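Note sheet for the following structure.
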Amino acid sequence: MDCSVTSIIVITCNKLEYNKLCIESIRQYTQPDSYELIVIDNHSTDGTVEWLKGQQDIRLILNSENAGFPVGCNQGIKAAKGNSILLLNNDTIVTPNWLINLTKCLYSSSDIGAVGAVTNSCSNFQTIPWEYSCVEEMIRFAKQVNISNSELWEDRARLVGYCMLIKTEVINKIGLLDEAFSPGNYEDDDYCLRIRNAGYRLVLCRDTFIHHFGSVSFGEQANQLSSLLENNRQKFIEKWGLPPHLAAPYELTQDLAVRKWLAYQHEFRYYQHWVENTRRKFFSVIDQAEFALLSGNLEKAAVLVKQAADYAYHSHPGFFVSPRLELILREIANKLNGQAAIQVPPKNTEKRNIMHVLSQGYAVSSHTKTVERWIGMDSESVHSVIVTLNSTTVPQSLKDAAIHSGGWYAMLDTAKYSLCKKAKILRNAAAMWADVIVLHIHPHDPVAPIAFGVAGDRPVIFVNHANHAFTIGMSVADIIADHRDGGQEITLFRRNMNNSFRLPIPLSIPQNLPDKQTVKRELGIDEDRIVFLTIASPHQLVACGEYSFSHLLRELINRYPNIEILVVGPSDIGEWTQLKQLSNGRIRVFDIPQNLDKFYSAADIYIDSQPVGSLATALEAGVLGTPVVGLATDFAAHFSGDIAPDIVKTHFSSREELLSIIDKLVNDEVYRANQGNHIKSALLQHQYLGWQENLNTLYSRLPLAHQPAEIPDITEQTATNSDIVWAYFQCRSGLSHLSFS
């Protein structure tokens with residue numbers, strides 16, 4: 001037996017085009033002296049036999065009938081001379097370093113009996129995220145994956161036989177494949193169980209990727225395949241006394257906090273790959289931006305920075321800021337020259353002039369309401385608003401607030417200016433008019449970071465409203481205003497910015513709220529019913545692991561016969577229609593209106609959304625005296641937490657503790673009123689009456705002249721477990737498929 005040779009066994013039955021792709025890829029991407037190729041043909045009639053006979057490097061076995069996969073594999077094993085046997089489907093394309101990596105893992109330990117590769121199409125969770133549309137792109141993708149790394153070797157209870165490398169000594173010990181499973185399916189489950197029973201481990205090599213077209217042999221016979229699967233599944237049960245999924249259970253996620261989101265280790269590993277793929281794609285766009293900058297094309301570099309940041313915001317790359325992107329923005333800022341201006345009124349010489357810069361405003365948005373309230377509550381200053389990317393959705397109320405304060409409103413998107421020209425205009429307008437610049441920009445907007453990436457002008461505040469995800473432009477700020485503790489934690493420890501100031505979200509108290517009982521009657525709710533309210537975007541309510549808001553609401557409805565639940569945000573379709581029906585109309589959903597006063601008035605208890613909390617709407621409920629409760633998810637820096645930390649506890653770490661508090665709120669009217677008054681008092685002091693004092697402290701800490709931060713020459717951070725969970729949430733909620741306008 002030649003100890004340096006792997007015997008590759010391929011079973012063919014027609015599908016000539018796939019057979020050629022498979023065999024030619026073996027020749028191209030496998031070291032010539034490291035393998036022998038044995039092909040067993042199961043009576044092909046499409047020219048496959050004739051083509052195979054013409055190949056000089058193939059040991060060919062021809063069957064006079066379709067003997068099936070297990071029989072064919074056994075014929076190949078009997079003829080094999082190598083010290084390892086590789087069972088390979090004919091509908092695969094192998095890739096650079098595939099066999100080297102598999103072999104390295106197989107022989108890394110004496111107790112490893114067989115190993116397998118990851119792919120694009122396979123059961124048993126052996127797939128990884130992939131993005132390619134042709135063979136050439138697939139090979140480039142595979143080269144990035146196929147870097148040997150023992151940390152990516154994952155113990156498994158089962159491997160799919162489309163690509164399985166087995167030590168010959170193991171086969172000699174346990175015997176051939178069980179031909180009772182012919183023509184195929186579940187023979188690999190059976191063989192894996194026999195390997196494990198013999199004392200060997202099975203390992204999935206996540207550092208080895210090959211392409212798998214998938215079910216080519218059976219795909220055109222769906223009904224026959226379904227029947228075959230069921231018959232062979234019964235054979236497995238009769239042989240082993242238990243079904244295949246119990247014979248090969250999946251490994252639970254090792255980290256207990258992560259397990260609440262991703263129950264099994266293979267799920268966690270999948271999203272690790274997802275983050276790695278995202279990071280590679282992100283870096284490829286940065287490479288293009290750096291090249292454009294070196295080529296002197298500042299506008300193209302700015303556009304590419306915008307694209308990269310948009311992608312990273314919606315598809316988490318495992319970090320929250322990119323020094324490389326910030327350096328590109330800084331270089332563009334330093335090279336920006338020429339004059340471009342718009343007409344702005346003279347500055348007010350008696351008051352502080354605040355210029356608020358937005359990428360886009362929205363009629364229903366806590367981000368835009370924050371700007372409006374800032375302007376309204378800071379009456380000691382004059383405020384102006386300038387919009388950089390999209391003014392079409394800016395509400396009239398924001399424009400009116402600026403004008404009423406003595407300032408002005410301007411748009412940079414209507415004249416189709418380039419990004420660099422917008423930055424010039426913004427820089428010049430700020431120099432002529434502003435005493436302080438406040439950035440409320442989207443995480444992908446490069447205009448303000450370019451405009452204020454040079455020293456010497458007016459001080460800059462960066463309002464970190466999108467604190468949970470990737471952002472550009474924070475490095476230009478003299479002070480970063482963080483709204484919540486979780487966001488500040490990310491700013492300090494994940495973005496390495498030490499100039500953070502905790503500025504609460506400003507709150508206003510609605511005047512002349514409609515009467516509670518009147519609103520209840522309008523909504524068809526009995527006066528003695530206790531009303532729960534949630535206001536959240538649909539993506540904030542998507543079930544992830546143990547965090548299922550719809551399950552929690554169903555539990556509450558079953559637990560308390562005297563409550564009704566109003567959920568403002570999702571559409572009345574799918575699971576929400578089912579909840580409405582199952583609860584006999586006691587759970588209802590509504591689209592988000594521009595005015596939420598009716599719902600706040602009707603509410604007796606506000607229950608925060610999960611897995612992502614809605615800080616602004618929870619605060620607005622609390623300041624009206626409505627008690628707020630919620631479930632504190634793990635990795636709270638990304639997701640949710642108490643609305644007034646260190647003042648009043650609103651979110652609870654366990655479901656049992658949450659339900660215990662809700663019991664009191666539902667059953668004890670005095671306790672409910674006291675909790676509401678406690679929250680209201682705390683929020684009034686912290687985020688209404690005391691907000692101007694916080695703002696004045698922020699203003700006082702600004703330098704006289706603007707000085708952008710030094711950008712550290714460091715590589716982007718490695719992903720943590722919380723990053724993997726955030727990426728998983730983005731996929732589940734659909735955020736990773738969205739983009740900014």
Side-chain angles (χ1 to χ4, degrees), residues 313 316 320-321 365-371 373-374 377 438-443 461-471 474 477 479-508 534-537 539-540 547 606-623 628-653 679-680 682-695 697-698 701 720 722-723 725-726 729 735:
Y313 175 82
H316 188 51
F320 295 86
V321 66
S365 165
S366 61
H367 153 260
T368 307
K369 285 182 181 178
T370 292
V371 186
R373 290 170 182 168
W374 187 319
M377 295 169 72
V438 185
L439 307 184
H440 308 265
I441 60 174
H442 282 0
I461 300 169
F462 187 105
V463 179
N464 192 16
H465 63 91
N467 51 55
H468 59 285
F470 183 90
T471 303
M474 209 175 280
I479 292 181
I480 297 163
D482 278 302
H483 289 321
R484 64 188 184 99
D485 285 356
Q488 188 172 52
E489 180 181 329
I490 293 174
T491 296
L492 295 172
F493 301 110
R494 298 301 304 278
R495 295 189 174 101
N496 296 313
M497 305 287 182
N498 58 11
N499 56 340
S500 172
F501 179 85
R502 180 79 159 74
L503 181 69
I505 293 177
L507 295 176
S508 63
T534 296
I535 303 171
S537 299
H539 76 267
Q540 294 172 295
Y547 299 106
Y606 187 92
I607 181 164
D608 201 11
S609 55
Q610 67 174 60
V612 177
S614 185
L615 176 62
T617 52
L619 288 170
E620 289 173 1
V623 81
V628 177
V629 291
L631 187 66
T633 57
D634 291 278
F635 311 120
H638 293 74
F639 292 93
S640 65
D642 285 343
I643 63 171
D646 305 322
I647 300 174
V648 55
K649 186 174 179 61
T650 58
H651 288 61
F652 303 91
S653 57
I679 290 174
K680 179 178 181 178
L683 294 180
L684 281 174
Q685 183 59 43
H686 192 57
Q687 299 187 259
Y688 181 68
L689 300 175
W691 188 82
Q692 182 70 55
E693 183 179 346
N694 279 293
L695 182 63
T697 302
L698 171 59
R701 295 187 181 183
T720 66
S722 63
D723 294 317
V725 168
W726 181 248
F729 169 76
L735 289 179

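Along the sequence shown, the residues carry numbers beginning at 1. Predicted model, so just to flag it, every value in this text is computed and none were measured.
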Check residues 682-690 and write down every donor-acceptor pair under 3.5 Å in which the side-chain atom is one partner and the other belongs to a residue at least two apart or another chain.
residue : atom : partner : partner atom : Å
Gln687  : NE2  : Ile505  : O            : 3.1

Counterpart residues, side chain to side chain contact (heavy atoms under 4.5 Å, CB included), relative to Asn694 (two or more places apart): Leu503, Pro504
Modelled atom types, side-chain donor and acceptor of Asp723 and His316, under 3.5 Å: yes
Note, Phe462 side chain near Ile441 side chain (heavy atom, < 4.5 Å): yes
Heavy-atom side-chain proximity of Val321 to Met474 below 4.5 angstrom: no
Parallel, tilted or perpendicular, as decided by the 30° and 60° cut-offs, for the rings of His367 and His440: perpendicular
Check: Thr650/Asp608 side-chain N/O donor and acceptor closer than 3.5 Å: no
Partners passing side chain to side chain donor-acceptor pair (under 3.5 Å) against Gln540 (at least two apart in sequence or in another chain): none
Test item: Arg495 and Ile480 side chains (from C-beta on) under 4.5 Å apart, heavy atoms: no
Sequence-distant partners of Phe501, ring-ring contact (aromatic ring centres under 6.0 Å, His included), two or more places apart: none
Heavy-atom side-chain contact between Gln610 and His651 under 4.5 Å: no
Check: Tyr547 ring centroid to Phe639 ring centroid under 6.0 Å: no
Qualifying residues under side chain to side chain donor-acceptor pair (under 3.5 Å), relative to Trp726, sequence neighbours excluded: none
Side chain to side chain donor-acceptor pair (under 3.5 Å) partners of Ser366, counting only residues at least two apart: none
